[in-house]
Protein chains: 2
Amino acid sequence: MEFPHKKQYYKQAKPILVAVDCIIFGFNQSTLQLLLFKRKIAPFLGAWSVIGSFVQEQESTSDAAIRVLQEHTGLENIFLDPLALYSDPERDPGARVISQAYFSLIHLEDEALNKVETHQARWFDLKDTPSLMLDHNIMVQDALDKLRTKARYSPIGFELLPEKFTIPQLQLLYEAIYQKELDRRNFRKKILSMGLLDKLDEKDKSGSRKGAFLYQFNAENYQKMVKEGVDFIL
Amino acid sequence: MEFPHKKQYYKQAKPILVAVDCIIFGFNQSTLQLLLFKRKIAPFLGAWSVIGSFVQEQESTSDAAIRVLQEHTGLENIFLDPLALYSDPERDPGARVISQAYFSLIHLEDEALNKVETHQARWFDLKDTPSLMLDHNIMVQDALDKLRTKARYSPIGFELLPEKFTIPQLQLLYEAIYQKELDRRNFRKKILSMGLLDKLDEKDKSGSRKGAFLYQFNAENYQKMVKEGVDFIL
DNA sequence: AAAGGTAAGCGTTTGTTTTACACTTGTAAA
DNA sequence: TTTACAAGTGTAAAACAAACGCTTACCTTT
């Protein structure tokens, strides 16, 4: 079916500015980090905010989110999860703007750290986050809630760690997400029983004299589990 | 802070038409039902679609969803859960329109049934759903997936049943959602152990000679559970 | 008035998962 | 070669889930 004259339909409706905002979490040693940058346009010029942009005419909101992440941080191939649409008519005093928020988790390796810093973005320890403009504080809180929920039924941890990681590292991450301590032995047992980790021959000795074996996430098995509808509750 | 001249900001950005669509599920005896209506504007005049509308200048998307549900069905005080934002530039050949979908569950009592039918909307058995316009088929599928997921960690069942209901009724509902049979005795045990049901003195004798006791959902206990972070996995 | 049929409701047994906690191992530094 | 310390293994008790047999209430049929 062809619609050569798009403009003829929906004349009575009033268009609205649409933006995307990305709440990006990273994990470093034992703390969650949040990616922020200094706003470059008025109003709120110079205020801290999460990374965002307006949605252009020929892109979906997820395309826009991918684009803006690339523009502001140089990062690519990052998985973005829709968080919520923020649409209060009064949320932005600059204009009627609705914003689709996305959230994402990334490996905090040296590369990611450096790329980001050369693009006017900055990592903050989640506990030292400055006050953000507009409703961005709420977005971050919502993203945290969603992160915790999501961590219960999806192997989210692996998105936040480097390709090779140790079990104690993985545990620290879950402890940071849930904000509570877990039993070392039970954690190991449970996570290994899922069959999602491939043990490597290498050890990481940065954490102890003995050193801890490195593991890799087995994405193939994970796909199988998802297909079979298996739960991933930690 | 005052911004008397809203128009001066964000000049470079291009506004987009924003719509809401509501995927409304009901439950009747033992089958899930879907609320649809015949579209009244071009393009796709006369096609079956879920209930929707454009978002107006001074309302949030959730306000718009509540409004449109009221306008099309006469129903009020319905809980609407955000589903997803559909933003593909090509999704509507009539214009660039993005749509925030909501989904909701309602009690299928006589009142709701009748109200709806006098407002040009119609209930379909989920299995007999006609093909829908645009991406509405996808929305319905996404809503179903979300319904199943949500049913795992939230006492969603109670939204779909009348105020007073029997345990066998509740079980039929869960069986319709999960599409599989559950053990009568274990279901009863588990659901009662949660402390979310208040037993009444009345019986409903429509289903059997013996009759089944009616129960009510205890919203207060549920709030407590949510606050304490307890899971509700069925 | 008694017998029969049927869904509602209750309890027990068995197997699995979670929790709690004690002990052993490997390695760099003293 | 001893020490310190995180990494890693094992096990018993408790809680939970799955499977399934039996009893109860009440209408219908005879």
Side-chain angles (χ1 to χ4, degrees), chain A residues 29-31 151-153 155 157 161-162 164-176 178-216 225 228-234, chain B residues 29-30 151-153 155 157 161-162 164-216 225 228-234:
Chain A
Q29 328 244 29
S30 65
T31 56
R152 296 181 155 254
Y153 56 86
L161 289 174
K164 298 172 180 183
F165 52 86
T166 68
I167 289 182
Q169 270 170 32
L170 186 61
Q171 183 174 346
L172 279 172
L173 168 57
Y174 273 94
E175 289 178 338
Y178 290 139
Q179 300 279 20
K180 81 167 193 187
E181 293 196 357
L182 304 172
D183 183 274
R184 215 157 31 88
R185 297 149 285 193
N186 295 335
F187 179 84
R188 168 182 238 96
K189 223 181 305 170
K190 184 147 190 186
I191 207 92
L192 285 176
S193 75
M194 292 178 180
L196 294 178
L197 295 187
D198 292 338
K199 188 175 184 175
L200 304 176
D201 281 333
E202 303 168 67
K203 273 192 168 183
D204 168 31
K205 296 218 173 137
S206 63
S208 73
R209 310 254 153 96
K210 185 178 178 182
F213 279 102
L214 288 163
Y215 287 81
Q216 267 184 318
M225 275 179 71
E228 289 163 10
V230 182
D231 282 336
F232 180 99
I233 291 171
L234 215 123
Chain B
Q29 327 243 31
S30 64
R152 296 182 154 254
Y153 55 86
L161 289 173
K164 299 171 179 182
F165 52 87
T166 68
I167 290 183
Q169 267 170 35
L170 185 61
Q171 181 174 348
L172 279 173
L173 169 57
Y174 274 93
E175 289 178 338
I177 292 176
Y178 291 138
Q179 299 280 18
K180 79 167 194 186
E181 292 197 357
L182 303 171
D183 183 275
R184 212 158 34 86
R185 294 148 287 189
N186 293 335
F187 180 84
R188 167 183 240 97
K189 223 181 299 173
K190 185 149 189 185
I191 206 92
L192 285 176
S193 74
M194 292 179 181
L196 294 178
L197 295 187
D198 293 339
K199 188 174 182 176
L200 304 176
D201 280 335
E202 304 168 65
K203 273 190 168 184
D204 168 31
K205 296 218 174 135
S206 63
S208 72
R209 309 255 151 95
K210 185 179 178 182
F213 279 102
L214 287 163
Y215 287 80
Q216 267 184 318
M225 275 179 72
E228 289 163 10
V230 184
D231 282 336
F232 180 99
I233 291 171
L234 213 123

Checklist entry - Rounded to whole angstroms, how far apart are CD on Q169(A) and C1' on dA7(D)? => result 13 Å
Checklist outcome for this item: Residues pairing under salt bridge (Lys or Arg N to Asp or Glu O under 4.0 Å) where one sits in residues 166-185 of chain B, two or more places apart or in two chains, turn out to be D183(B)-R185(B)
Checklist entry - Does dG26(C) have OP1 or OP2 sitting under 4.0 Å from an N or O in the side chain of R209(A)? => result no
Checklist entry - How long is the gap from CG on D198(A) to CG on L214(A), to the nearest 0.5 Å? => result 12.5 Å
Next on the checklist: Wobble G-U and Watson-Crick pairs count when both distances are under 3.5 Å; given that, what is the 5' to 3' dot-bracket string of DNA chain D, with | for pairing to other strands?
Outcome noted: ||||||||||||||||||||||||||||||
Item to check | Strand-adjacent residues in residues 197-206 of chain B, judged by heavy atoms under 4.0 Å from DNA chain C | outcome: none
Checklist entry - In Å, rounded to the nearest 0.5 Å, how long is the span from CG of L173(A) to CZ of F165(A)? => result 9.5 Å
Checklist entry - Which of these, L197(A), L161(A), L200(A), sits in a side-chain contact (heavy atoms from CB on, under 4.5 Å) with Y215(A)? => result L197(A)
Checklist outcome for this item: F165(A) CZ to dA7(D) P, in whole Å, measures 15 Å
Next on the checklist: To the nearest 0.5 Å, what is the distance between CZ on R188(A) and CG on L182(A)?
Outcome noted: 13.5 Å
Checklist outcome for this item: Between CD1 of I167(A) and P of dT9(D) the distance, given in whole Å, is 8 Å
Item to check | Between dA18(D) (C1') and K180(B) (NZ): distance, integer Å | outcome: 11 Å
Item to check | Distance-only donor-acceptor test, K210(A) side-chain atoms vs dT25(C) base atoms, 3.5 Å | outcome: yes
Checklist entry - Who pairs with K189(B) by side chain to side chain donor-acceptor pair (under 3.5 Å), at least two apart in sequence or on another chain? => result N186(B)
Review item, nucleotides 20-22 of chain C N/O atoms under 3.5 Å of protein N/O:
residue : atom : partner : partner atom : Å
dA20(C) : N7   : N186(A) : ND2          : 3.0
dA20(C) : N6   : N186(A) : OD1          : 3.3
dA20(C) : N6   : K189(A) : NZ           : 3.2
dC21(C) : N4   : R185(A) : NE           : 3.2
dA22(C) : N7   : R185(A) : NH1          : 2.6
dA22(C) : N6   : R185(A) : NE           : 3.3
dA22(C) : N6   : R185(A) : NH1          : 2.7

Checklist entry - Quick one: CD1 on I191(B) to CD1 on I167(B), what's the gap to the nearest 0.5 Å? => result 7.5 Å
Next on the checklist: Just the rounded figure in Å: distance from C1' of dG9(C) to CD1 of I191(B).
Outcome noted: 16 Å
Next on the checklist: Tell me the interatomic distance from F187(B), atom CZ, to dC10(C), atom C1', rounded to whole angstroms.
Outcome noted: 16 Å
Item to check | Spacing of L192(A) atom CG relative to dT17(C) atom C1', expressed in whole Å | outcome: 16 Å
Checklist entry - Do the side-chain N or O atoms of K190(A) get closer than 4.0 angstrom to the phosphate oxygens (OP1, OP2) of dT17(C)? => result no
Checklist entry - To the nearest Å, how far apart are F213(B) CZ and dA25(D) C1'? => result 9 Å
Checklist entry - Could you give the distance from CG (L172(B)) to CD1 (I177(B)), rounded to the nearest 0.5 Å? => result 11.5 Å
Checklist outcome for this item: Residues pairing under salt bridge (Lys or Arg N to Asp or Glu O under 4.0 Å) where one sits in residues 201-215 of chain A, two or more places apart or in two chains, turn out to be K164(A)-E202(A)
